Every structure is written in structure tokens, then in C-alpha cells.
Amino acid sequence: MAELSCDVLVIGGGATGVCAAYDAARRGLRVILAEMNDLSTGTSGRFHGLLHSGARYAVRDPESARECILENAILRRIAPHIIEDTGGLFVAVPGDPADYVPRWLEACAAAGIAAEAITVREARRQEPALSPALVHAFRVPDGAVDGFDMAHAFTRAAEDYGATTLIYHEVTALNVGSTGVMATLQDRRSGEEKIVSARWVINAAGPWAGKVAALAGYALRVAWSRGAMIAMNTRWVNTVINRLRPPTDGDILVPVGTVSVIGTTSIPVERPDDNTIEPWEITALLDEGEAIIPGFRQARALRAWAGVRPLYEAEAREGITGRAVRRTFDVIRHAPGLTTVVGGKLTTARLMAEKAVDDVCAGLGIEARCTTADEPLPGDHPRRLHMLGSRLDALEHGRMPGPLICECEMVTQAQIEEAIAAYARPPALDDLRRDLRLGMGPCQGGFCAVRAAGIVQRACNLDAAAATAALRAFVDERFKGGRSLLWGHHLRQFLLDEMIYRRTLGLDRLTGAPPAVRDAPLPAWAADRRPVSSSAQGRRVIVIGAGMAGLMAALHAVRAGAQVHVIAAGIGRLILAPGWCDVGPFHDHPGVRVFLDWCTDHGVRPLAGGPAMLGTRPAVSWAGDGEMLIVGFASWRDFYPMLCAGNLARQGIPARGIHVDLPRRHDGWDLSPTRLAHCFDDPAFREEVARLVKGRLRDEARVGFPAVLGLRDPAVVQRELAEQIGRPVFEIPTLPPSVPGTRLLNVLKGWLLRQGARVQIGHAVTRPVVEGRRVVGVAVASVGRETVFHADAVILATGGLYGGGLLSDDRGRLWEPIFDLPVQAQTDRLAWFNTDLLDLRGHPAHTFGIAVDEYLRPLGKDGTPAYENLFAAGHILGGMDTLIGGCEEGFDLASAYTAVREALGND
Ligand SMILES: Cc1cc2nc3c(=O)[nH]c(=O)nc-3n(C[C@H](O)[C@H](O)[C@H](O)COP(=O)(O)OP(=O)(O)OC[C@H]3O[C@@H](n4cnc5c(N)ncnc54)[C@H](O)[C@@H]3O)c2cc1C
């Protein structure tokens with residue numbers, strides 16, 4: 001067991017602990033800092049980001065207010081690189097208590113906080129998103145501070161003065177004796193123990209301070225107050241905005257990098273790590289945001305988190321709780337050798353550290369005074385403020401070489417590789433997230449997480465299992481922050497991410513127990529297998545939706561002789577799906593058979609089996625055997641052959657991954673799968689690829705490429721490549737846009753147009769035109785006016801929650817926006833999804849949809865068909881988890897077929 005010794009052992013790598021380590025080290029003490037997780041992963045990594053001016057506390061807690069304004073100035077001086085000088089505004093809206101304003105102004109003046117009155121017009125000139133209804137506005141010296149940067153900056157400074165930092169080291173035992181303290185530290189990663197003998201211990205364990213004191217046998221009651229915050233998708237404001245009223249929920253909006261964070265709430269809790277978020281908190285925060293910024297609650301909420309305030313309980317025992325507990329801090333000497341520092345704010349962490357180290361020095365009889373406020377932190381500290389504007393500028397002007405890995409936050413491969421090189425060991429994807437904001441934008445890592453895993457694997461020579469586990473950990477962590485915000489666009493985003501992780505990548509099956517084989521029961525409408533009538537001459541059919549179900553419904557109606565008009569807001573998820581045709585229990589449904597025959601006739605076969613992008617074992621049996629060569633392209637961001645081959649190999653399927661250079665120089669940072677597929681349409685390009693691959697071939701029996709082998713005539717491309725390489729070739733799904741899906745979309749759409757169908761994509765149907773119990777037409781939004789199209793039958797194929805056929809809001813409301821059909825779903829929004837995005841059981845939300853009768857007629861509120869001639873197809877139908885049931889395409893194909901048969905035979 002390793003034994004270490006020091007003068008001061010600091011427990012806790014949050015803001016207080018790192019400041020204490022720096023202070024003690026500067027005073028010449030030998031310091032060890034022990035943190036049980038990574039730095040700043042306690043409250044200091046789950047806070048609001050506000051560098052307080054103190055104005056928030058001026059009325060109720062003047063002592064805290066004074067501490068804040070003084071420390072605000074000191075932090076700006078000694079660590080300017082961790083602060084963005086946003087300034088702050090206090091604003092009042094109608095209804096905020098008018099008598100608070102003079103009291104607040106007086107209290108600010110008494111605390112030494114400059115509060116400058118400005119006109120509402122000036123405030124709105126500075127921050128145009130603010131409500132025109134404001135009644136007061138004052139400027140104060142607030143700012144934004146980065147908790148992670150702060151922890152790293154102070155730790156580095158402490159190390160410059162000789163301190164040692166031990167992260168992932170939990171203090172598990174403390175023995176305070178007359179000559180010092182013996183502490184047992186457990187390395188949480190290796191399980192090994194270390195003994196540290198220290199002359200003194202500073203307990204800076206924040207919400208865990210009571211637990212740490214108890215290790216030494218001392219009682220310390222910490223009151224825990226949890227608060228929730230939401231990061232909104234954009235920087236609504238560039239200034240911190242505070243509500244000018246006595247502190248309550250949702251008072252503050254802080255611009256943080258590319259987003260803005262609204263917070264917080266204050267709820268007494270029973271545990272230091274209780275980070276749950278209740279739905280009412282989300283709604284309350286959005287409502288408060290809306291009061292100062294009209295339109296706020298319509299915006300996209302990206303991520304929510306909660307932190308627990310460590311409030312010293314001496315006051316709580318006197319009946320003071322929640323927001324009323326002072327936000328100043330306490331330094332408690334339990335016995336010679338053990339001092340706790342607790343309470344306060346991140347803004348006042350330096351001062352808290354100063355007082356704690358003063359106590360240690362007094363105890364040890366050391367004269368050294370605190371000098372941490374005297375000069376800037378040692379060393380060079382480049383500013384790391386992350387602004388999308390400057391990243392875009394650098395990207396577009398060639399200062400940030402591509403490829404672009406995280407499109408939302410504009411992070412390139414070169415930046416990731418540079419960040420990786422700075423670590424002594426392979427970084428977790430979360431480290432890269434904190435360093436570069438990777439995966440923190442609207443898609444929450446849906447696209448960039450696997451790319452980053454592939455880059456880390458290559459750069460650090462990791463095996464595929466480790467890289468895949470790192471990816472899974474990142475995905476799980478991202479979902480924790482998103483789960484309480486799943487409605488509207490964000491819900492659609494996570495459904496897309498989930499589809500990518502499960503289907504395109506196969507991540508759930510690689511990292512979880514194999515799914516139980518289950519034969520999902522077929523819905524009642526699927527039982528009847530009669531053919532579609534072929535005598536619908538002249539009948540007008542409107543199909544709403546252009547996904548797989550909509551386009552196939554159009555195809556069946558055209559083949560039956562109907563006059564077909566497809567109207568869709570977008571192109572559905574065909575171009576996002578990996579390209580397989582998963583039919584599950586619908587395998588012998590005529591809708592599936594007709595589709596597959598049609599595909600054969602038109603040269604657009606779906607992908608046939610084969611591994612998923614991460615090399616997950618094929619779900620269905622797959623022709624051919626022998627070793628595989630998996631080919632990727634150097635610096636192409638959407639396919640990682642080493643990951644694919646490594647995972648195949650560890651599942652017992654022999655495979656080897658290689659990268660070859662792309663033949664032509666591709667300077668662009670966003671070479672999409674479809675653009676690459678266009679390159680393969682060029683014979684010279686594919687000949688060059690074939691030559692490069694052939695030169696690297698060993699004994700492999702077949703060659704797997706990312707699914708980009710041609711858009712125009714993929715059969716020819718694949719045949720020629722196979723001939724030139726001398727081995728059969730096959731395609732493996734890549735990140736979207738999906739080339740197999742795009743091929744199918746193009747061919748289907750082209751065929752429909754040639755058959756005389758009208759295909760109108762990009763126009764949303766707004767309402768039905770109804771006569772009695774019949775839909776006689778639909779209205780379509782177009783520029784300046786509404787256009788009505790008439791129909792004898794209407795097929796509703798607008799998709800489910802992902803497709804936009806069902807809408808949802810933060811209050812848990814779900815609705816079908818065109819016909820206002822009732823939606824079958826759970827009402828408790830938090831129950832829509834399980835806690836784990838890749839839960840092998842799927843999620844209740846997958847089954848939400850409208851109810852239909854056996855003829856696929858949507859049911860109205862009274863449980864009978866809403867209209868005689870309205871039919872539904874595809875994922876707007878509820879009741880079946882097609883993702884988990886392995887029948888995403890089968891469900892669309894079968895329901896499209898049945899809906900058209902009923903629509904044309906029912907008049
Ligand atoms: C919702 C919310 C919003 C806030 N907003 C702001 C704000 O905008 N501005 C502001 O100035 N302040 C804010 N605060 C307050 C501020 O975040 C905290 O006061 C501050 O972060 C506390 O820092 P700390 O170092 O004392 O505790 P922490 O950051 O929690 O650090 C304690 C550390 O001790 C470690 N630890 C615990 N037990 C052990 C052990 N046995 N061995 C080793 N390590 C251990 C933990 O892992 C943890 O990392 C906010 C707080 C909350 C909850």
C-alpha cells in the first residue's frame with residue numbers, strides 16, 4: 001500500500017477545495033488534494049455559471065452580497081480567463097413588487113454594489129430579446145464563470161507551487177490523532193488504497209462535508225437544497241439577466257458559451273447526490289423565462305441538470321430553510337487537525353479557502369498570510385471562450401482544418417486530436433466534451449459521439465471494446481441530461497439519435513445483453529391479406545406524408561389507377577434509416593412482397609443483412625463467409641473501419657479494418673455520404689479506390705465498404721468494384737444521410753412523377769376540408785394564401801413523434817395536428833422514456849399513436865371512425881414498438897398497402 005505524507009490534505013476537488021489547495025501551497029505548505037471523481041464534478045460542475053455581483057443577495061443576505069462583490073473583483077483580476085465579462089441586468093416586469101426596487105437599491109449601495117438605472121429602451125437596445133413590457137432595468141457587474149476551467153486553473157496553479165492532485169481518490173477513513181491525521185484513500189479506478197499522513201485536513205467536500213466529518217467521528221449537519229437548470233439552445237442574451245424581485249425560482253438567465261442557462265429552483269432533499277428533476281421544475285423555469293423573453297418557452301431546451309447546495313445546517317435547525325438560509329459560509333474546526341469549510345458560493349470560493357487555510361495556519365502555528373488575491377494565477381492562460389461565430393469564421397477561412405466532427409458546436413478532427421494529445425491517458429469522450437463542447441449542441445452527440453469514439457480509438461490505439469464502451473458511457477450520460485426535456489423538437493432529436501445508435505450503429509446490442517427474441521403480435525388490420533383493387537380509375541387520392549409509408553401508399557394507389565397527390569412537409573425518415581428492410585413479423589405480408597419485387601424491378605435493393613456500422617453481428621443470417629476486409633477512408637468522418645472490424649472480430653467474425661486515401665483531394669470539411677456516393681458514380685474514381693484496396697488485400701474473402709457505393713447506378717458500381725478488386729463487395733450503413741435511403745427515395749419519387757402522380761414536398765397540410773363525415777379535401781399552407789386540394793380518399797402517413805405526425809409539449813400534451821385525432825399515450829411525460837436510452841425493452845413513447853379500426857380508419861374521440869374516407873398508414877399508428885420489434889419498414893409497408901386497399905375498395 002502506497003504511503004504519502006503532506007502538511008495539508010484537502011478533501012474535495014470542487015471550487016472550494018481547489019482554491020484551498022492553491023492557497024495552502026502558496027503559503028509554502030506541502031499539499032495533497034484528493035477528489036473522489038474528476039475535478040469539478042460535484043456542485044461546482046452542476047451550478048448556474050453566474051459570477052455574482054452580490055446584488056441578488058443584497059436585501060436578504062447583505063454579508064453574502066459584500067463577499068460576492070469583493071470576490072467578483074478579485075476573481076476577474078487573478079483569473080480573467082475563466083470569466084466572461086457579460087455584465088448583468090436586473091429587470092422587473094409588470095407584477096413584480098414595486099416596493100422591492102427602493103429597498104434593493106438601498107441594499108446594493110450599502111453592500112458597495114454599483115447598480116446603474118437605465119431606461120427600458122436602453123436595456124432592450126442592449127438585449128433585444130427582452131420583453132417590451134419591462135418596467136425597470138438596472139446594470140450590475142455580474143459575469144459568467146466556467147466551473148471546469150476554474151477547477152483546472154486553480155489546480156494547475158496549486159501544482160505549480162508543489163501540490164499533488166489525486167483525482168478518482170476517495171477518502172474512506174480519517175483518523176484524527178494528537179500528532180496529525182491518517183487518511184485512507186481508495187483509487188476508484190484501480191481499487192488500490194493509499195495512506196496519507198497529514199498534519200491537517202481541510203474538509204471541502206461540499207454537500208458531502210457531513211459524511212467526511214463523520215469519517216473522523218464528528219457530527220456536521222449539512223442541509224441540502226437542490227436546484228435545477230436548463231440550457232436553452234442558443235445565446236438568447238449576452239448579458240446575465242436577473243429578475244428584480246425577492247429571490248425565487250427561475251430568476252436568472254446566464255449566457256454560457258453558445259447557450260443560455262435558466263435557473264434555478266430550490267428544494268430541500270435528503271441526499272447530497274439527489275440530482276433528480278421534477279417536471280414541474282421544467283415548466284416553472286420555462287414560464288419564468290417567458291416572462292422576461294417572449295417566445296422563450298417555444299425554443300429548444302437542450303439539457304437540464306440539478307445540483308445540490310451545501311448549506312450549513314446550524315441555521316436550518318433554527319427553522320430557516322431553502323432560499324432563506326444565508327449564502328455565506330462557515331469554517332468549523334472540529335478538533336486540532338480537522339477543519340471543515342462549507343456553504344458559500346462558487347464566486348466566494350477563494351475567500352472560503354483563505355479563511356479555512358487561515359485556520360489551518362493558526363492551528364499549526366504558521367505565520368504565512370494569504371496571497372491568493374495579490375496577483376494573477378501563475379502561467380499562461382489562453383482564453384477559451386467558445387463562440388460559434390469565431391469557430392465558423394475559422395472553419396470557413398481555412399484556419400480550422402476539417403473534417404468537421406461536431407457540427408453543432410463546430411469541433412474539427414484536428415481539434416480533437418490536439419486535445420487527445422494533451423492527455424496522459426486515453427480521454428473519456430466526456431473529457432473532450434468539457435474541453436471542446438463536443439456533443440453539447442442540439443443533437444447532443446447523435447452524430448459526433450461515434451466519430452469521436454473512432455478518432456480516440458485510432459489516436460490512442462484502443463481496442464474496439466474499450467472505444468465502444470466509451471461511446472456507450474457518453475450516450476448514457478447525454479441522455480441523463482436530456483430525459484426530462486423530451487417533448488417537441490428535442491424529443492424528435494432523441495428519437496433520431498436512438499435510431500442511429502440502435503439501427504445504424506448497433507450500439508445497444510453490442511453493449512447490452514442480446515435482446516430477447518420475441519414475436520410481436522400483429523395488429524388486427526394486418527391479418528387481412530386481400531389484394532389492392534385495380535379499378536380505381538380516376539379516383540382522387542391525397543397522401544399526406546412522403547416517408548416510406550406515404551410513398552408506398554402513393555405507389556399502390558397509382559398502380560390501382562388512382563389520381564394521386566402526395567403532399568408532405570418534409571421527406572420523412574427514408575434518408576435517415578440505415579438502408580435495411582426490417583420486416584419482422586410482416587415478412588409474408590403482401591405489402592412487403594410487392595415492395596421487394598418492385599425494388600428488384602427498379603434496381604434499388606435494400607441492404608441485405610451485413611453488420612451494423614460498429615460491426616454488430618448481423619441480426620439476420622447473412623450469405624457468405626470467410627474473413628472480411630472493412631474499408632474506410634482516411635479523414636472521412638462517417639465511417640470507422642477499425643471500430644467495425646474490431647467489434648466483428650471480438651464477436652468471432654474474422655475481419656480486418658483499413659483506411660485508404662480518397663483519390664481526389666477533398667478540401668471540404670463536410671463531405672457527406674451522398675456527396676461521396678456521387679464520387680463513386682465516376683468510373684475513374686472507383687477504379688482508383690479499387691486499385692488502392694486491392695493493394696492492401698490479403699486473404700480476405702470479401703470487402704465491406706461504407707454504404708456510399710454510387711447513387712445513380714449502385715448495381716453497376718458494386719459489380720465493377722468487385723471485378724476490379726477480385727472479391728465480392730458489400731455495403732455497411734454509415735451515419736445519415738443514408739445513401740441506400742436516398743437511392744430508394746429518388747427512384748420511388750421519379751417513378752411516381754413519371755406515372756403522373758403529383759409530389760409536393762415542403763408544404764404542410766394545415767387542416768382538412770370536411771363535409772359531413774367525409775374529408776373532401778385538405779388545405780395547404782403556401783406563401784400568402786392557403787390552397788385547397790380535393791380528394792375522394794385521404795391517406796394520413798405523417799409519421800409518429802419522430803416524423804412530426806404527432807406533436808408534444810412540455811406539459812405532456814400530445815396531439816395530432818391536422819385532424820385533431822385523439823392520441824393513445826401515457827399522460828405522465830417522465831414515463832414516456834425509460835431511464836436508459838438504449839434500454840433493450842424500448843420505450844413507451846415508441847408505441848404512441850392514433851387508434852384505428854381494422855380498416856385503418858382513425859378513430860375519433862367517441863371511439864368510432866372519425867371520417868368515412870380517411871385512412872392511416874405508417875408510424876402515426878400506435879400500439880407497436882417497431883424499433884424493438886425489428887419491423888420498422890415492415891410496419892410501414894404493410895400498413896400502406898392495407899390503407900390503400902381499404903381506401904380504394906371502400907367507396
Ligand atoms: C443549483 C445551483 C446553482 C448555483 N449557482 C451558482 C452560481 O451561479 N454562482 C455561484 O457562485 N454559485 C452557485 N452555486 C453555488 C456553488 O455551486 C457552490 O457553492 C460551490 O460549487 C460549492 O463548491 P464546493 O467545492 O464547496 O463543493 P463541490 O463542488 O460539491 O465539491 C465537493 C467535492 O468533494 C468531493 N468529495 C466528497 N466526498 C469526498 C471524499 N470522501 N473523498 C474525496 N472527495 C470527496 C466531491 O466529489 C466533490 O467534487 C449554485 C449551487 C447550486 C446547487
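Just so you know, ligand 1 is whichever comes first in the structure, and atom 1 is the first atom listed for that ligand. Worth saying up front: this structure is predicted, and the values here are computed from it rather than measured.
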Verify, without hydrogens or angle tests, whether Gln126 (side chain) and Ala123 (backbone) share a donor-acceptor contact under 3.5 angstrom.
no

Among Lys345, His169, Met229, which one has a heavy atom closest to atom 1 (C) of ligand 1?
Met229

Looking only at non-hydrogen atoms, which of Val308, Val171, Asp142 approaches atom 41 (N) of ligand 1 most closely?
Val171

Which atoms of ligand 1 have any heavy atom of His52 under 4.0 Å away?
7 (C), 9 (N), 10 (C), 11 (O)

Looking only at side-chain N and O atoms, does Thr165 offer a donor or acceptor that is under 3.5 Å from a partner on Glu35?
no

Ligand 1 N/O within reach of Thr16 N/O, cut-off under 3.5 Å:
yes

Quick test of your reading of the structure: of Arg56, His48, Met352, whose heavy atom lies closest to atom 5 (N) of ligand 1?
His48

Look at atom 34 (O) of ligand 1 and say which protein heavy atom is nearest, naming residue and atom and giving the distance to 0.1 Å.
Gly12 CA, 3.2 Å

Do any pairs count as a side chain to side chain donor-acceptor pair (under 3.5 Å) and have a residue in residues 332-343, sequence neighbours left out, and if so which ones?
Trp200-Thr339, Asn203-Thr340, Arg333-Asp359, His334-Thr340, Thr339-Asp359

When distances are taken from atom 8 (O) of ligand 1, the protein heavy atom at minimum range is Leu50 N, 3.0 Å

Would you check if the side chain of Arg188 reaches a backbone N or O of Tyr168 as a donor-acceptor pair within less than 3.5 Å?
no

For atom 48 (C) of ligand 1, the closest protein heavy atom turns out to be Glu35 OE1, 3.4 Å

For atom 44 (N) of ligand 1, what is the closest protein heavy atom, and at what distance to 0.1 Å?
Met36 N, 3.1 Å

Tell me: protein heavy atom nearest atom 20 (C) of ligand 1, and distance?
Ser44 OG, 3.8 Å

I'd like to know if Asp374 and Arg369 make a salt bridge, using a cut-off of under 4.0 Å between side-chain N and carboxylate O.
yes

Please report whether the ring centroid of Phe138 lies less than 6.0 Å from that of Phe90.
no

Report, in ascending order of atom number, the atoms of ligand 1 lying under 4.0 Å from any heavy atom of Ala34.
43 (C), 44 (N)

Tell me which protein heavy atom sits closest to atom 38 (N) of ligand 1, plus the residue, atom name and distance to 0.1 Å.
Trp208 CB, 3.6 Å

Is it the case that the side chains of Ser197 and Glu3 hold a donor-acceptor pair, with the cut-off being a distance below 3.5 Å and no angle test?
no

Note: heavy atom closest to atom 28 (P) of ligand 1, options Asn37, Thr43, Ile267, Leu215, belongs to Thr43

Output for pair (Met440 CE, Arg434 CZ), nearest 0.5 Å, gives 9.5 Å

For the residue pair Thr264 and Arg309, confirm or rule out a side-chain donor-acceptor distance under 3.5 Å.
yes

Quick note, salt bridge (Lys or Arg N to Asp or Glu O under 4.0 Å) partners involving residues 191-220, not counting sequence neighbours, are Asp7-Arg199

Among non-hydrogen protein atoms, atom 50 (C) of ligand 1 lies closest to Phe47 CB, 3.7 Å

To which of Gly45, Gly14, Ala228 does the heavy atom nearest atom 31 (O) of ligand 1 belong?
Gly14

Looking only at protein heavy atoms, which one is nearest to atom 2 (C) of ligand 1, and what is the separation?
Arg309 NH2, 4.0 Å

